[in-house]
Each structure stands twice: as C-alpha cells, then as structure tokens.
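Numbered from 1 within each chain, the chains take letters A, B, ... in sequence-line order.
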Amino acid sequence: MMSICRRMSSSICLVVISGSWTYAQTPQYVGRSSCASATCHGGPVGNGPSWNHALTKWLATDPHAGAGLLLRDEDSRVIVTQLEPAAADSPLVFDQVLRSRCISCHATATTAECQSPQALADSLLARGVSCESCHGAAKQWITAHLQTSWSGDERFQQQTGVLDTESIAGRAAVCARCHVGSRREDGLVRDMNHDLIAAGHPVLRFDLLIYSENLPAHWNETSETEQTFQQSALRVRSVGRAACLGAAAALSGQRAADHQTNSSVSWPELSDYDCFACHQSLSISQYRLPANKKNRSPLRISDGLPIWNSWHTIGQKELSKKNLAALAPNRIDATVMSTAALRVSQQYLRQAMTNQTASYDPEAAIDQLRRVLGAAPPRDWHEAAIQYLYADAAQRDLDLAPTKVSRLVEPLLRFDPNESATLQSPARFDPLQFQTTMLQALQMSEFSADVARGSNLQSGRRTVASGRTNE
Amino acid sequence: MATGETGKQRSQRIQIDYYRHRGRIFWWRWACIAAGLAGAVAYAALVISPGGSPHLSTGTLSIAHASFEKDCQQCHQDFTPLSADAFRLDPSATIQHAKQACNSCHPVGDHHRTTLLPRWQSFEQDCAQCHREHLGRANELTAIGNDTCNQCHANLSSVCSSSYTLSVRDDITHFDLDRHGEFQSLKSDRGRVLFDHHQHMLPGQVDAGVKGAFTIGMLEALRRDSYRDPGQGDADLVTLNCGDCHQPAGNPDSQWSLSSDAELGRYMKPISFQQHCSACHSMNPPGRGEDTLPLPHAAPWSEMRLLLTAKISGGRAEGSARTPRENRRQTPQVGEGFGVPAASANVISAAEIDAAIQDVRVQCLKCHDADSITEESIAAALSGKSAPLIPGRWLRHGLFDHAAHREVDCRFCHGAAYPSEEVSTSPATDHQQVMVGGIDTCTPCHRTIDTQPTDNPLFGKQPVWASDACVLCHRYHTSTEAQP
C-alpha cells in the first residue's frame with residue numbers, strides 16, 4: 001500500500017489508506033521566486049542541466065504560467081458574471097467569485113487566499129499555476145531536496161509534501177487535481193462543476209498523453225524517468241485513464257459527502273455525467289428514437305440514462321456494473337453514491353499502479369479494436385473518442401507518428417471544423433463514417449507497410465515489456 | 001644687616017682708587033675678547049672660503065628636498081624679531097613660514113588640532129618636530145620613530161583638552177594587543193551584502209552531500225574559460241579561489257593619504273556584480289537563452305519594468321515565448337483539434353510585469369537588504385554618492401598593503417572565509433562578521449626586534465620580522481578637504 005501512496009498525490013493517497021474522504025493538510029508555499037535563482041532553476045535556457053533553467057523556460061512557454069491572468073480577461077468576465085450577476089457591477093463580488101471558484105486551480109493559492117473577502121490582487125493571479133502547484137508546497141521539503149540523498153520513491157511520502165511527477169500514475173494524479181477536479185487536495189476545493197460549465201468554462205476532458213505532449217518540457221526529456229513515458233503510449237494512456245477515473249470517482253464521492261454536511265454543495269452534480277445525454281438539439285427532426293432501438297439515437301449520443309463520467313469510464317472493463325449503477329443519476333442517495341465512489345476511486349487508483357507495470361501489445365490492441373469496430377460502430381461520440389485514443393496509442397507504440405488514425409480519424413471527432421473550443425456539440429459526428437475510416441486506418445496491410453517504411457521501428461517495442469526500465 | 005666688618009676695615013681693604021688699576025681680571029677679559037674676535041674673523045674667513053658652506057648648515061637636505069640645497073629662503077626667513085625693539089626670535093612666525101613652505105608642496109590637514117591643548121597646537125603645526133631636515137641625503141623624512149608619536153600617545157589625555165572624549169585609548173606605546181588594543185574597525189561588520197564565503201570556496205559551491213553543484217557548463221559560454229582551471233571540461237565543477245573575486249587595487253581612500261598608498265596591490269578592487277557575480281548569478285528574464293542578455297544589475301525599478309516588458313514582448317514576437325491565450329497544440333485534443341492561434345498576439349499586462357518584477361526583487365534580496373534596493377538607494381548607488389555596500393577598506397584607521405604580504409597565505413588573516421566542517425552554509429552570516437584577522441595576525445612579524453619569531457607554515461617565504469613603527473600603518477596628516 002505504501003508503494004502506491006508514494007506514487008500518488010497526498011489526499012488521493014489518504015483515500016486509499018483511510019478509506020474515507022480525509023482532508024489533506026494546508027500547503028505552506030514558499031513561492032516561485034524562491035526557485036528563481038540563476039544557480040537553482042532560473043538559469044539561462046540552454047546552459048547546463050534542464051533543472052537549472054526549468055523556471056526560466058516554464059515562465060516563457062508553459063500555459064500554466066499565464067493561467068492566473070486569464071481570470072482578468074474577457075472570457076473570464078463573461079463566465080463570472082453568468083455565474084454571479086452581481087459581479088457585473090461589483091469588482092469586489094467579482095473577485096470573491098474568483099477566489100471561491102477559480103484561483104484554487106488558476107493560481108497557486110492557499111485556503112486562506114481562496115476564502116478571503118478582500119479584493120483579489122493581480123499579483124496573486126500573476127503567480128500562475130507555478131512550481132508548487134504541481135510539485136507540492138515546498139516549505140517542508142525545499143531544504144531536503146538539495147541533498148543527494150533526496151532520490152527514489154521515499155521523496156514522495158505523504159508527510160514530505162512533495163508530489164510525484166515522475167511516475168506515470170503519480171503525474172496523472174497530480175494533473176487530475178485540477179484537470180479532473182478535487183475537493184480535498186491541499187485543503188482546497190478545485191471543483192469545476194456544472195455551474196461553471198453552464199457559465200462558459202470549457203468541459204474538462206483530460207488525457208495525460210495529449211496534455212503531456214502539449215506541455216513544453218521544462219525537465220530533462222532524456223532522463224530515465226522520462227523514458228517510462230516514452231516507452232509505451234498505451235501504458236501512459238491506460239495508467240492515465242485509470243488514475244483519472246480514480247480521481248473523478250473521488251471528486252464525485254467528495255461532492256456527495258460534502259453535500260450531506262453543506263447543502264450549498266450542489267448534488268447530484270450534473271458535471272459527473274455525460275453532457276451530451278442531456279444537451280441535445282431539440283430542433284433536429286431526427287430526435288425521435290426509433291421504436292425498435294430505444295437506446296440508440298440517430299444523433300449518436302448516449303441518451304436516456306446519462307452515463308456517469310463517460311469520458312473516464314468507457315473502456316474500463318474492471319468497472320463493475322454494481323458500482324456503475326450506484327453512481328447512476330437515478331440513485332440520488334448521497335451516502336450510497338459517496339460509498340460507491342470511494343470503492344471506485346480506491347479500485348482505480350490501484351488499477352493505475354497495476355497498469356503501470358503491465359505489458360502492452362499494440363498489435364493485439366489494434367486487433368481488438370478492429371474486432372469491436374467490425375462488429376458495430378461506436379454508440380456515441382465518447383465511445384468513439386476513447387477508441388480513437390487507444391488506436392492512436394497503439395500506433396504510436398509501433399512508431400507511427402503522426403499516426404494514421406491521428407491524421408484520418410481525429411478530424412472526424414472535432415466538434416467544430418474551425419477547431420474553436422467554444423462549440424462543444426457532437427452533432428456533426430457520424431459513427432458510420434468513423435467506423436469506416438477507423439477500420440481503414442487500422443488495416444494491418446497498410447499498417448505493416450507503414451511500419452516497413454519506418455526506419456526507426458525497434459522490433460522489441462512491439463510488445464512493450466512490463467515494468468519500468470529503472471526498476 | 002650687620003656683617004661684622006666696619007667701614008674702616010673695609011676702607012683699609014679696598015683702595016680708594018681701585019677702579020684705576022688694571023688687574024689680572026681686566027687683562028684676562030681683554031684676552032678673551034681678542035681671542036674671540038680673532039676666532040670669529042678666522043671662522044668667518046673659513047665660512048666664506050671655498051668649501052666652508054657646510055659650517056652654515058647642520059647637513060645637506062634629504063634627497064626629496066635636494067633641489068632647495070642652495071635656496072635657504074625656501075624654508076628659512078630673515079631674522080624676525082618678536083617686536084621692533086626686541087632681539088628675541090618670534091617662534092610662531094618662523095614656524096608659520098616653514099609650514100607655509102612645506103604646505104606649498106604638501107598640503108595636509110590638521111592632526112586633531114582642535115582637540116589639543118593650546119601649547120600642543122603649536123607643536124602639531126610644526127612640521128620640523130617630526131620631519132627633521134639637514135640630516136643628509138639619505139635621511140628618510142617620513143621615517144618617524146615611535147617615540148615621536150609617543151610624545152602624545154603615551155598619555156594622550158594630557159595633551160588633549162579636558163572637554164574632549166578620547167576615541168582611542170589613552171596609552172598606546174607599543175604595537176601589541178596589550179599596549180595598542182584590537183583594531184576598532186573589526187569590532188562590527190558594516191557590510192550589507194549577504195554572502196557565504198564558505199559555500200563559494202567549496203567545489204561546485206555546494207557542501208558534501210548536496211545536489212546542484214555548479215559546473216563549468218552551467219556558466220555562460222563566454223565566461224567559462226575565466227573560471228576553467230587547467231584541464232577542466234564543461235562537466236567539471238566550478239572551483240573558485242580568492243583571486244577570482246579579489247583582484248589587486250590601490251587604496252580606495254588614497255586621496256587622503258600618501259600617494260604611494262594608491263599603488264596597485266595594496267588593496268583589492270571593489271566587488272562588482274557584473275565582474276564577480278554575474279557569471280553564475282545572472283538575472284534572467286523569462287525564457288532567456290544564450291543569445292539574449294540578462295537583466296542589468298542595479299537598474300532603477302522603472303527601467304527594470306521597461307526591460308522586462310521588452311524581454312517578454314521580444315520573446316513572444318520571435319516565437320520563443322508563448323503568447324497569452326495561445327491555443328495551438330502540437331497534439332490535437334479530442335473534439336477540439338489543434339486549436340487556433342491567439343487572437344491577441346502580444347499584450348503584456350501590468351500584473352504580469354509586476355510578477356516578473358517580484359521575481360527579480362526576490363533575487364535581489366538573496367544578497368541585499370530591503371533598504372539597499374529601494375529606488376532611492378539604487379539611484380544613489382548609480383550616482384556614486386553612496387558608500388559602497390562592500391567597503392574597499394576594512395581597517396579604517398590603519399593602512400594595509402596586500403602586495404607587501406603576498407608571500408603569506410590568505411588563510412592566515414582570512415581563515416574564517418575558508419570552508420570548514422564547523423561552518424554552516426545556511427543562512428549566510430558573513431555580513432555579520434569581519435573576516436579580517438586582528439592584531440594577533442600582525443604581531444608575529446610586526447614586533448620589536450628583540451622578541452622571538454613565530455613559525456607558521458602559512459607565512460611561506462615571507463620574512464618573519466617587520467617594523468612595528470606606528471607610521472607603517474597610520475598616517476599623521478589628514479586631508480585639507482573634507483572627508484566624506
């Protein structure tokens with residue numbers, strides 16, 4: 001159990017150990033400026049090891065650096081005033097909304113800063129989501145991390161306060177604190193719920209592999225620990241999805257638990273469920289379920305009973321029907337849901353660890369996808385999206401980059417041909433076209449031809465060995 | 001009063017015309033007068049004869065004043081009586097003339113004149129009390145014996161006015177701890193720059209067991225060779241020695257001292273961030289790479305804002321930095337694709353610059369206190385009006401000559417600056433202590449000749465005896481200009 005905890009962020013670890021929604025301790029930050037010395041992490045980019053210029057590079061290139069100041073732009077104004085109309089006329093009310101709903105994720109903030117009734121200083125926002133948001137509040141470990149003895153899994157003990165960003169499961173758990181959500185980590189509520197989505201905040205569809213690749217690396221990409229991320233995309237995706245499901249379950253359970261003691265915490269929380277189950281265009285004439293296919297809509301969206309956390313749950317074979325049923329919206333007993341969510345969270349946090357050391361065979365994964373898709377098109381956009389993610393990962397492991405599915409299939413999943421993030425409807429999605437195109441992209445003959453053309457294919461990588469190289 | 005001699009007896013003893021007789025005394029007196037006159041004439045003849053001029057002077061002038069050898073009036077003046085009907089010399093006028101003569105080439109200030117009793121004030125003004133001329137060409141005018149100083153300093157309170165409170169001890173007679181006392185300047189550190197010599201003297205500037213050792217490769221490319229020891233590669237640790245930061249210079253206060261005190265090597269150059277610190281401690285704006293410059297040291301904050309704005313804006317303009325709301329992705333997000341470029345390409349908010357300024361400010365505070373980095377303090381430093389944060393001289397009352405001690409290992413006097421297992425690297429406390437040895441580091445060599453030498457391997461080839469004269473370290477004269 002401790003080995004799991006060493007690879008998990010603090011309160012998720014508490015969940016695993018205690019079996020209850022335990023609050024993590026309030027973080028004690030030292031601030032990013034403490035890391036910014038040229039001899040520490042603020043050196044010139046290009047000189048010396050990556051750690052020496054990690055902050056310099058992060059400040060210039062990482063979207064997290066500017067995440068706080070986004071809260072002062074026009075999109076933020078629209079969201080906040082939708083959320084709280086009084087904020088339109090009162091800067092103080094506006095700032096209080098930012099404090100209570102936004103800065104726990106968009107900045108590196110303490111519990112007190114999130115709860116303060118004062119106006120919100122821009123300087124707090126300008127900190128961005130800085131070093132300690134992802135590496136843990138450093139007051140406890142800033143001295144220890146200088147020691148040569150500071151290595152190995154022991155660093156990630158819960159009491160040190162340092163977060164594990166080196167293992168796949170650990171990094172996924174760290175990202176999930178905001179990109180999935182949490183209500184206990186660092187004593188902060190990081191809950192991007194339905195109210196915020198309704199006000200205009202983008203839906204969170206976190207995928208560790210995609211987000212990692214889009215994050216400019218301020219670390220050594222050739223290090224031994226980073227090799228574990230580059231060995232197998234299937235592994236990263238499987239571990240990441242299991243960890244995120246564990247985090248999503250924890251968030252659902254915490255919402256239910258908190259609702260029991262605080263009625264202002266909305267519950268059932270609609271963002272726990274598949275958006276498209278409810279958000280369907282009523283103007284479309286096809287919105288009449290065929291008499292013989294009550295569970296299938298021509299719009300290719302899940303309907304009837306919204307699936308709990310479909311982005312995370314689709315393809316998770318280990319998720320029992322019992323637990324899934326307990327999490328369904330027709331079971332509005334907060335206690336039952338909290339208990340079921342705890343079970344799912346524990347199960348998938350462990351599953352993430354198991355996935356981390358499992359073997360992955362990309363060709364077998366492609367065969368399986370071909371069989372599934374050969375039998376039927378995906379039931380909805382979410383299922384198609386997850387199928388795409390696994391197909392893409394399998395082809396990456398066969399050294400096809402950009403993968404055929406990425407080039408051919410990914411555009412079929414886009415909500416908006418113009419690639420804006422504002423339109424979030426799968427109304428254009430055509431499962432049959434997806435099925436045809438995907439099967440075409442997964443044709444083994446073409447696949448093999450592509451492999452043959454790829455000069456860098458390493459034979460040993462077709463079946464990715466289990467375990468990390470450094471273990 | 002009765003003497004016992006009657007008038008009759010006296011008249012019988014002294015003849016009535018006694019004054020008309022020329023006795024032996026008379027003739028003896030005239031003989032002496034005649035001899036004197038003859039001697040005077042003979043001496044005058046000798047003096048005015050060729051080769052007789054030495055008889056007019058006690059000796060030739062020192063080599064410094066040799067050009068005045070035939071020009072006595074440069075220093076001496078015609079007889080000046082005390083008053084028109086008197087024949088006594090007016091000493092004050094003579095001294096004043098001599099002093100003016102000296103000052104015409106050697107303008108010097110007083111030596112605590114106002115604190116002295118009146119009769120010692122005239123002493124203080126009399127150059128010849130210490131600098132005695134006409135003692136030959138080889139006479140060293142500035143070689144003032146300790147006994148000269150001791151005229152006052154052996155009992156200083158006796159020469160000072162009673163209203164004056166002594167700032168030095170009353171009875172300094174010899175150069176040792178008991179009779180001279182510890183150097184006053186060393187009792188407190190006036191330094192306001194936090195620094196840890198111990199850490200900087202360690203290989204890689206880290207203690208054993210600590211990560212993050214600084215390597216040559218972590219320095220800027222153009223600076224690496226300056227810190228590279230013979231045979232070192234980029235992966236080797238930066239190893240500093242004293243000379244990397246402490247380079248010879250003259251006395252920074254030499255305008256108030258002898259010109260020779262300004263000779264190179266007596267003191268060390270002031271520490272300069274740009275020269276001595278920036279190779280490792282450059283202040284880097286966000287995204288700074290090898291091809292861009294660091295932020296300048298000690299720039300006014302208003303200028304720093306502008307520079308940071310330019311740096312951030314420049315990085316975004318050339319594509320090395322992310323623009324706000326940039327939404328392009330390398331890997332497409334499911335449902336959203338690759339995203340779209342940011343609509344507002346290069347807008348920098350005041351808060352963003354404030355945060356960058358805060359990062360810089362925290363870096364400043366690693367070494368400086370808050371008072372030293374105010375806009376006013378920076379302006380004063382740039383104008384040269386404020387005292388340097390690291391003094392150029394630590395011994396304010398005495399002089400030192402590093403070049404003269406070049407054979408002595410630095411550790412003999414500055415042992416506290418060297419790494420030792422007892423010294424902790426954090427927090428830095430060097431600014432709270434003066435890392436200059438006290439009088440005990442001087443007296444093993446600067447001692448009276450009859451005392452025993454002390455052996456120490458750190459002396460190297462340095463001779464183990466040196467003068468203990470006061471004037472070796474102390475200068476009597478002050479400047480005619482007001483000192484800061």
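One distance of note links CG of B:D207 with OG1 of A:T148; it measures 11.0 Å at 0.5 Å rounding. In this structure, OG1 on B:T331 lies 8.5 Å from CG on A:D392, to the nearest 0.5 angstrom. A distance of 6.5 Å separates CD of B:Q330 from CG of A:N214, quoted to the nearest 0.5 Å. A distance of 10.0 Å separates CG of A:D416 from CD of B:E336, quoted to the nearest 0.5 Å. Distance check, rounded to the nearest 0.5 Å: NZ of B:K211 to NE2 of A:H145 gives 7.0 Å.
By number of non-hydrogen pairs under 4.5 angstrom with chain A, the leading residue of B:K366, B:H281, B:M283, B:R288 is B:R288. Across B:G289, B:G315, B:P332, the residue that shares the most heavy-atom pairs under 4.5 angstrom with chain A is B:P332. If you tally non-hydrogen atom pairs under 4.5 Å between each of B:A221, B:G212, B:G339 and chain A, the highest count goes to B:G339. Your options are B:G209, B:A208, B:G217, and the one with the most heavy-atom pairs under 4.5 Å with chain A is B:G209. Between chain B and the options A:W51, A:Y388, A:W58, heavy-atom pairs under 4.5 Å are most frequent for A:W51. The greatest number of non-hydrogen atom pairs below 4.5 Å with chain B, out of A:D75, A:D62, A:L412, is found for A:D75.
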Fill in: Stepwise side-chain contact (heavy atoms from CB on, under 4.5 Å) check, B:Q205 with A:T39
CA-CA 10 Å; B:Q205 293 70 59; A:T39 51; over 6 Å; no
Item to complete: Report the C-alpha distance between B:E290 and A:N47 in whole Å, list the side-chain angles of each, state the deciding distance to 0.1 Å, and finish with yes or no for side-chain hydrogen bond (donor to acceptor under 3.5 Å, both in side chains).
Response: CA-CA 7 Å; B:E290 267 287 284; A:N47 285 355; 3.0 Å; yes
Worksheet item: Hey, mind stepping through B:D359 and A:L59 against side-chain contact (heavy atoms from CB on, under 4.5 Å) and telling me if it holds?
Response: CA-CA 11 Å; B:D359 287 342; A:L59 276 168; 4.1 Å; yes
Practice prompt. Any chance you could lay out the side-chain contact (heavy atoms from CB on, under 4.5 Å) test for B:D354 and A:D122, step after step, and finish with the verdict?
Written response: CA-CA 9 Å; B:D354 286 342; A:D122 285 353; 5.7 Å; no
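For A:A38 against B:F214, the heavy-atom pair with the smallest separation is O-CE1, 4.3 Å. Here the closest heavy-atom approach between residue B:M218 and residue A:G48 is recorded as CG-CA, 3.7 Å. Nearest approach of A:A385 to B:V334, heavy atoms of both residues: CB-CG1, 3.6 Å. Residues B:A351 and A:A126 approach most closely at O-CB, 3.3 Å, considering heavy atoms.
Using modelled atom types, one side-chain atom of B:Q333 and one backbone atom of A:R205 make a donor-acceptor pair closer than 3.5 Å. Side chain of B:Q363 to main chain of A:S33: a donor-acceptor pair is present (N/O by atom type, distance under 3.5 Å, no hydrogens or angles).
For A:L389, the part lying under 4.5 angstrom from a heavy atom of chain B is the side chain only. The parts of A:L146 that come within reach of chain B are both its backbone and its side chain, each placing non-hydrogen atoms under 4.5 angstrom from that chain. Neither the backbone nor the side chain of A:D207 comes within contact range of chain B, judged by heavy atoms closer than 4.5 Å. Residue A:E410 touches chain B through its side chain alone, counting heavy-atom pairs closer than 4.5 Å.
With A:P63 as the partner, the side-chain contact (heavy atoms from CB on, under 4.5 Å) test is satisfied by one option alone out of B:R325, B:R322, B:E326: B:R322.
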